[in-house]
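Input: a single structure, listed below in structure tokens.
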Amino acid sequence: MTDANAEQASKPSAAAGRAWSYYAIRYGFLCLLIGLLIYFSVFAPGFAGPRSAVFIFQSVAITGILALGVTCTLVVGGFDLSIGSVATSALMLSAYVMVVMEQSAFIAVMACLVMGAVVGAINGFLIVKMRVPDLLATLGMMFLLIGLQRIPTEGRSISTGMTLPSGATAEGTFSPAFLWIGRHRFDLVLDNLIPVPVILFLVIGVFVWVFLELTRHGRLMYAIGSNERAASLAGTPVERYKVLAYMISGVLASVGGILLAARLGRGDIASGNNLLLDSVAAALIGFAVLGAAKPNAFGTAIGALFVGVLLQGLTMMNAPYYTQDFVKGAVLVVALMFTFALSSRRGGGGH
Amino acid sequence: MSTPACQLIGIEKAFGQNRVLRGIDLSLSSGEVTVLMGANGAGKSTLVKILCGVHAADGGEIRLFDEAYAPMTPSEAIDRGVVTVHQSIDDGVIPDLDVATNLMLDRLTAKSSGFFVRKRAIRAEAARIEAMMGLDLDPRTIVADLGVAERQLIGIARAMARNPKVLILDEPTSSLSAAEAERLFLLIERLRETGVAILYISHRMSDIRRVADRIVSMRDGRVAGVFEGHNLDYEGAVTAMLGHAMTAVDVQVTSGGEPVLQLENLRILPGSEPVNMTVHKGEVVAVTGLLGSGKSKLAAILFGLAQPDGGTMKLAGRSFAPRSVREAIVAGVFLCPKDRASNGVVRDFDITGNLTLPFLERHSNLSFLSRRRERRRTNEMISELGIVCQGPGDGITTLSGGNQQKVMVGRWMAEASQFLVLDEPFQGVDIKARRDIGRNIRETAGNRATLVFVAELDEALEIADRIIVLHEGHVVGEHQNADVDVTRILAEVSGQVAITA
């Protein structure tokens with residue numbers, strides 16, 4: 001009797017627990033982000049303000065763009081490890097085109113975009129036609145590109161006045177139009193507030209979100225990622241969409257590389273080392289946003305911003321630079337726990 | 001008579017809002033086969049998962065030989081003598097290992113076994129188990145090279161080798177032929193004599209008639225009726241399971257209009273006799289046959305997934321030789337594949353996403369999806385097929401198997417086709433859902449030609465105007481579905497009738 005009563009009494013609380021965990025999964029990460037913003041605004045002087053906000057956006061713009069690309073490959077159930085090296089290759093290629101070949105900014109940009117698309121197409125070809133597993137194919141491509149970008153200059157960085165392997169001196173310069181992409185700031189309320197990369201990040205973010213969430217192509221890509229065989233038996237051109245995903249990833253990675261080159265103003269061989277890990281982390285953190293438990297553009301953007309906010313806040317509170325990777329790793333691990341442990345308890349589903 | 005081996009008292013279980021089990025009382029006695037019947041979604045699988053330690057019950061208690069029993073893990077359940085053979089065979093066997101190792105897996109995981117694998121001892125022990133089970137397989141064969149039925153038997157043999165006190169069999173015959181099923185029934189009888197309590201879950205009336213000592217019908221998470229005694233009331237059990245009596249299906253046979261699909265001297269399997277076959281507009285043709293009869297291959301050819309060994313196909317008079325599913329769909333041939341879990345269901349999508357998947361173009365403007373149009377179509381299909389759900393936004397995995405299958409069939413009925421192929425549309429579906437799907441297929445058949453591949457003759461009789469029997473890649477029988485000679489068809493299926501021209 002008492003047992004039965006106790007059981008009756010425990011039921012509403014169980015239901016409440018379920019509702020609580022539902023909201024925790026759905027809004028937990030956003031709440032955490034808002035909490036962080038409030039915390040830093042109170043305790044880190046100068047954190048709250050348009051300049052600081054723009055700085056955060058700027059710090060994550062390039063990784064964010066790369067992360068949006070890798071999101072597309074995650075959606076079709078793949079993975080692209082080559083994005084970091086595509087970005088640094090674009091960095092070197094644009095410098096080479098302008099400084100060594102003395103071409104215009106337009107040609108440099110086009111060369112980089114075409115390079116990104118071609119690398120994406122090759123990745124897709126290896127995965128779809130040669131049946132190489134995605135991780136291995138893109139790992140190989142990553143290696144190949146890291147090596148390739150060093151060959152034309154014999155491993156040296158590219159800048160005006162450098163000595164070429166042939167013995168001649170490089171006469172070309174980074175054109176002002178090219179540097180504009182990385183350095184110009186538009187006015188908004190304050191003068192010179194919003195840099196071009198931030199605008200590009202937001203625009204690309206909206207585009208990828210619209211493409212994945214609102215178009216039938218995005219729907220089919222998600223279907224491929226969830227059950228490739230079923231999608232194929234429903235008449236989806238699976239191979240075409242997979243290649244498309246890797247091409248989007250390659251092109252967006254090259255955009256990231258262009259922005260990096262335009263900000264640095266030289267073809268620096270050593271920059272962009274962290275791009276791959278940072279952008280993959282952003283895309284994976286995105287799984288936890290709104291309880292999506294799947295790759296999604298909005299989550300990826302929030303994931304990138306989350307890392308940016310945390311690093312900016314900690315830096316302003318005088319955390320040393322070498323703790324940054326540790327913080328990113330911790331955020332990623334927590335986000336993955338959110339995604340896989342909590343959301344898989346939502347009965348039935350999951351993998 | 002017999003002592004209760006396992007007693008369930010007021011078992012409750014809910015997933016989210018969905019109360020799957022609402023107070024189940026059930027007792028299993030040693031030396032008795034209890035058949036558990038229930039429509040898809042009645043809660044049978046959940047009950048099994050609680051018994052074998054996959055899920056924990058929310059309420060109620062289980063007593064095993066008068067001791068409290070609440071397994072937290074499957075291995076704990078096995079230690080206590082509750083052994084389960086799951087419906088999907090691939091949970092039961094490891095394809096890359098050989099037969100002997102598969103049979104002896106428990107020995108390998110036991111702590112008492114040594115660090116090194118003793119192959120010879122394992123093979124000898126495996127051979128002993130095989131002999132006991134009447135299995136005739138080389139213990140060194142790799143399981144991946146075996147057929148579905150043999151894998152199923154290995155899974156069952158392993159369960160029996162664990163000396164169970166309570167044995168749970170979840171639709172064990174779903175991929176077995178009649179002869180193999182008979183072997184299984186003999187084993188079950190032997191185990192029953194040794195005093196094992198057996199819980200047998202099945203949709204198949206023929207199985208139930210063969211093995212049941214007692215029938216428990218479940219409906220909507222409750223026990224709807226318990227039937228025991230010498231003359232089991234099978235009709236009553238079905239009625240209790242469905243909540244109403246089941247009427248026989250009365251097929252109004254039509255012979256159809258103009259030919260839609262013609263197979264001309266098509267060689268389905270290498271070296272098999274050429275097949276000639278015509279499917280007419282407005283007609284439902286069922287193709288039946290055993291595993292290996294060429295049924296799956298013919299389906300694959302129509303799907304554009306395989307090429308025939310010779311011969312041609314014509315669709316509405318024009319040559320039809322699809323090289324991909326997409327080409328078939330563009331030609332107006334829709335194909336609902338078998339085995340929904342791997343070939344149909346997109347687990348991450350809701351009902352709407354699953355239903356509209358092949359025809360998104362018709363639900364979008366300039367590639368932008370119109371959610372409103374998708375929802376409207378989905379709502380129409382939900383009511384047409386009687387899909388039990390809370391709305392078009394329900395996740396597909398929250399539905400029971402039968403309702404998932406309705407979504408899969410609905411996917412291809414939502415748009416008009418010239419020629420519809422359904423491969424095993426009743427796989428893993430209870431009789432209620434089967435009737436719903438069958439009725440809908442027949443009702444909408446007027447404007448297209450329909451070809452259905454089924455393994456069970458009962459299903460063919462319920463749905464078809466004409467039944468075609470395949471054996472080893474050629475047609476051995478063709479029957480109008482009126483006053484059919486069932487024994488003759490069964491003989492044809494098993495290849496006991498010579499080809500008649």
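The one candidate from B:Ile396, B:Asn354, B:Val346 that meets the side chain to side chain contact (heavy atoms under 4.5 Å, CB included) condition with A:Ser226 is B:Val346.
Of the atoms belonging to A:Glu213, it is backbone heavy atoms, and not side-chain ones, that fall under 4.5 Å from chain B. No part of B:Leu366 comes within reach of chain A, as not one of its non-hydrogen atoms sits under 4.5 angstrom from that chain. Residue contact with chain A, scored on non-hydrogen atoms closer than 4.5 Å, involves the backbone and the side chain of B:Phe368 alike. Contacts of B:Glu374 with chain A are made by side-chain atoms alone, with heavy-atom separations under 4.5 Å and no backbone atom involved. Both the backbone and the side chain of B:Leu369 come within contact range of chain A, each with at least one heavy atom under 4.5 Å from a heavy atom of that chain. Of the atoms belonging to B:Glu361, heavy atoms from both backbone and side chain fall under 4.5 Å from chain A. Of the two parts of B:Thr356, only the side chain, counted from C-beta on, holds a non-hydrogen atom closer than 4.5 Å to a non-hydrogen atom of chain A.
Put simply, CG on B:Leu357 and OG1 on A:Thr236 are 5.0 Å apart, with the number rounded to the nearest 0.5 Å. Between atom OG of residue B:Ser324 and atom CG of residue A:Leu233 there is a gap of 11.0 Å, rounded to the nearest 0.5 Å.
Between A:Ala230 and B:Gly344, the shortest heavy-atom contact is CB-O, 3.2 Å. Closest of all the heavy-atom pairs between B:Pro358 and A:Ala234 is CB-O, 3.4 Å.
Chain A forms more heavy-atom pairs under 4.5 Å with one residue of B:Arg371, B:His363, B:Met408 than with any other, namely B:Arg371. Counting heavy-atom pairs closer than 4.5 Å to chain A, the top residue among B:Val345, B:Leu335, B:Thr398 is B:Val345.
Contacts of residues 215-223 of chain A with chain B at a heavy-atom distance below 4.5 Å involve A:Thr215, A:Arg216, A:His217, A:Arg219, A:Leu220, A:Tyr222, A:Ala223, listed in sequence order.
Within 6.0 Å of atom CH2 in A:Trp209, 12 or fewer heavy atoms from other residues, nucleotides or ligands are found, so the atom counts as exposed in its surroundings.
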